[in-house]
Structure formats: structure tokens, C-alpha cells
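Note sheet for the following structure.
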Amino acid sequence: MRIAVLSDVHGNAPALDAVLEDVARQGVDAIVCLGDHVSGPVDPAGAAARLIGLGAYSISGNHDRWVVDTALRGAGAVDRFAREQLNTKQLAWLADMKPVLRVSGEVFACHGTPTDDEKPWLDNFFEGRMTTLPSEADVGREAVGIDFPVILCGHTHVPRSLRLSDGRLIVNPGSVGMQLVRGSPDAHYAIVEKRGRGWQVALNAVPYDTEAAALMAAKNGFPQWGESIRFGWAGPESLG
Ligand SMILES: [Fe+2]
């Protein structure tokens with residue numbers, strides 16, 4: 001079984017197109033999308049239309065909750081912008097999503113951790129323009145009781161995988177559409193595959209027309225996203 005894992009598209013339709021083209025070339029049995037689908041200034045409605053058309057396994061992220069209900073604490077300008085762009089059907093699609101899901105009895109998917117869509121897992125969250133690695137104990141604690149050989153998470157936008165001492169594989173595919181802190185503006189996603197010796201992962205980075213995406217963000221009133229989109233070195237504090 002071969003599964004494409006996408007997360008944190010953040011409304012970046014051109015980045016999503018590049019990833020979907022690469023996924024089509026690779027051939028997969030299923031696509032899983034780990035949330036924060038539309039909150040962003042490039043093309044939220046375009047991203048929603050593509051994702052709905054995919055028929056992927058999808059869960060909600062913290063920003064999806066905030067787009068659905070912009071009165072919630074944490075919702076910001078870009079969540080409100082995304083909400084304004086979506087039609088009724090797209091908003092209903094977002095509102096219907098659950099926070100976690102299971103695929104074929106072997107894969108568990110969440111946005112942040114299994115119990116919290118705002119909590120980072122494989123990396124500590126941003127300190128300015130840096131992240132730091134959590135301890136083995138911190139990582140393991142969140143996986144207690146998640147009895148699946150593959151556990152997927154997103155939220156930090158930092159692609160990384162690790163294998164727990166009992167063999168379970170945890171994968172964060174990084175972000176399709178919003179690159180932070182690592183100087184890699186490419187669209188990121190992962191492929192997990194069950195082979196003879198168990199589950200393996202490939203973390204992919206796909207180039208796309210970042211200049212066009214940055215100009216779309218500026219045209220929609222968010223020029224401050226240009227640094228993140230063009231260079232991937234921005235910290236979350238600069239997105240406003
Ligand atoms: Fe996100």
C-alpha cells in the first residue's frame with residue numbers, strides 16, 4: 001500500500017497543483033490531507049475546489065476550525081480572508097471534518113498530536129526563526145495508546161520522520177503551501193509505503209512558481225507572505 005501524505009496546504013493552490021502532479025506521476029493508492037487546508041492568502045477557494053475533487057481522507061487542523069468559526073480565540077486576518085473566499089459547499093466540507101482519522105487499520109492521522117490540533121509533536125514550535133527538537137520522552141508520551149504502525153501529523157510545517165523504539169513510524173510531511181524557518185520554498189509532502197520489511201517513508205520537496213504565488217498573496221492584501229513563499233526562511237511572526 002502506498003499513500004501520499006499532504007498537510008498544511010494553507011490555500012496555496014499553485015503549490016498544491018505541483019504536489020498533485022508529482023503524486024500522479026508516482027502513483028498512490030490513497031491520499032491523506034492533515035489539515036490547515038485553506039487558511040492563506042494565495043487562493044483558498046481554488047485549494048478547496050482541488051481538495052474536494054480529490055476525494056482524499058481529510059482531517060481538520062486548527063486553522064480549519066478558525067476559518068469555520070472566526071470568532072474563536074486564535075483566528076486571525078488570513079482565516080477571515082479565507083472564509084470570505086469559500087462558497088457554502090466548501091465551508092460545509094470544512095466544517096464536517098473530524099480532528100483524527102484511521103486508514104485501513106494501519107495508519108492513524110492527526111494534525112498536531114492525537115489529542116491537540118495546536119500542539120507541535122516532532123519539533124518544538126518556533127522560537128523566532130528557529131525550531132528545536134523535543135526529547136525522546138516528550139515524543140513518546142504523545143504516542144501512548146496509538147496502536148498503529150504508521151502515525152501521521154502536521155502543524156509544525158517541518159518535514160521529519162522518526163521510528164519509535166517499538167517500530168511505529170511517525171511522519172510529518174511538512175507543508176504543501178507555507179514554508180517557514182528552513183530556507184526551502186518548495187512544496188513539501190510525503191509518501192508512506194508498506195514494503196516487505198514494513199512501512200517506509202519518502203519526504204519530497206517539489207518546486208513550483210513561487211513568484212506567481214507571492215504576487216497572488218500581495219494582490220489579495222498579504223504582501224508580508226512574500227518572504228515565506230519566495231524563500232522559505234520566514235518565521236510565523238512575519239506573516240501577520
Ligand atoms: Fe499550519
Side-chain angles (χ1 to χ4, degrees), residues 5-16 19 31-44 46-48 50-51 56-70 72-83 85-86 94 97-101 109-131 142 152-160 170-182 184-190 203 205 210 213 217 222 224-225 227-229 232-240:
V5 186
L6 282 57
S7 191
D8 296 274
V9 174
H10 280 280
N12 191 335
L16 178 59
V19 162
I31 300 177
V32 178
C33 296
L34 301 175
D36 284 8
H37 304 288
V38 297
S39 174
V42 176
D43 182 8
R50 287 159 176 78
L51 290 168
Y57 294 94
S58 297
I59 56 173
S60 70
N62 52 318
H63 281 279
D64 301 311
R65 286 192 291 107
W66 296 338
V67 169
V68 168
D69 184 354
T70 53
L72 290 175
R73 183 191 55 80
V78 83
D79 301 309
R80 289 189 285 276
F81 169 77
R83 185 188 168 86
Q85 303 298 308
L86 299 192
L94 212 55
M97 272 176 213
K98 304 282 181 286
V100 299
L101 64 73
C110 61
H111 182 69
T113 69
T115 55
D116 190 340
D117 67 11
E118 292 189 61
K119 192 168 179 187
W121 193 352
L122 301 190
D123 287 83
N124 292 319
F125 227 38
F126 305 98
E127 292 172 15
R129 297 196 171 195
M130 293 172 53
T131 57
E142 300 292 345
L152 308 174
C153 63
H155 188 50
T156 62
H157 299 207
V158 179
R160 205 155 86 77
I170 310 183
V171 175
N172 185 326
S175 169
V176 170
M178 191 211 288
Q179 311 307 328
L180 300 165
V181 306
R182 297 171 53 254
S184 175
D186 297 347
H188 289 69
Y189 81 101
L203 299 171
T210 50
F222 294 86
Q224 69 274 32
W225 280 58
E227 198 181 359
S228 156
I229 293 171
W233 274 119
E237 82 288 344
S238 63
L239 299 181

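Model, not experiment: these values are computed from the prediction. Atoms within a ligand are numbered from 1 in the order they appear, just like the ligands themselves.
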Would you say that Arg50 contacts Asp43 through its side chain, given a criterion of any heavy-atom pair below 4.5 Å between the two side chains?
yes
To the Fe ion (ligand 1), the closest N, O or S atom belonging to Asp36 is OD2
Original post:
Less than 4.5 Å apart, any side-chain heavy atom of Leu152 and any of Pro173?
Top reply: no
For a 4.5 angstrom cut-off between non-hydrogen side-chain atoms, does Ile31 reach Leu6?
yes
- Query: Mind checking whether the Fe ion (ligand 1) has an N, O or S of His10 under 2.8 Å?
  - Reply: yes
The atom name of the N, O or S atom in His157 nearest to the Fe ion (ligand 1) is NE2
Among N, O or S atoms, Asp8 approaches the Fe ion (ligand 1) most closely through OD1
### Task
Give a yes or no on this: more than 12 heavy atoms of other residues, nucleotides or ligands lie within 6.0 Å of atom CZ of Phe81.
yes
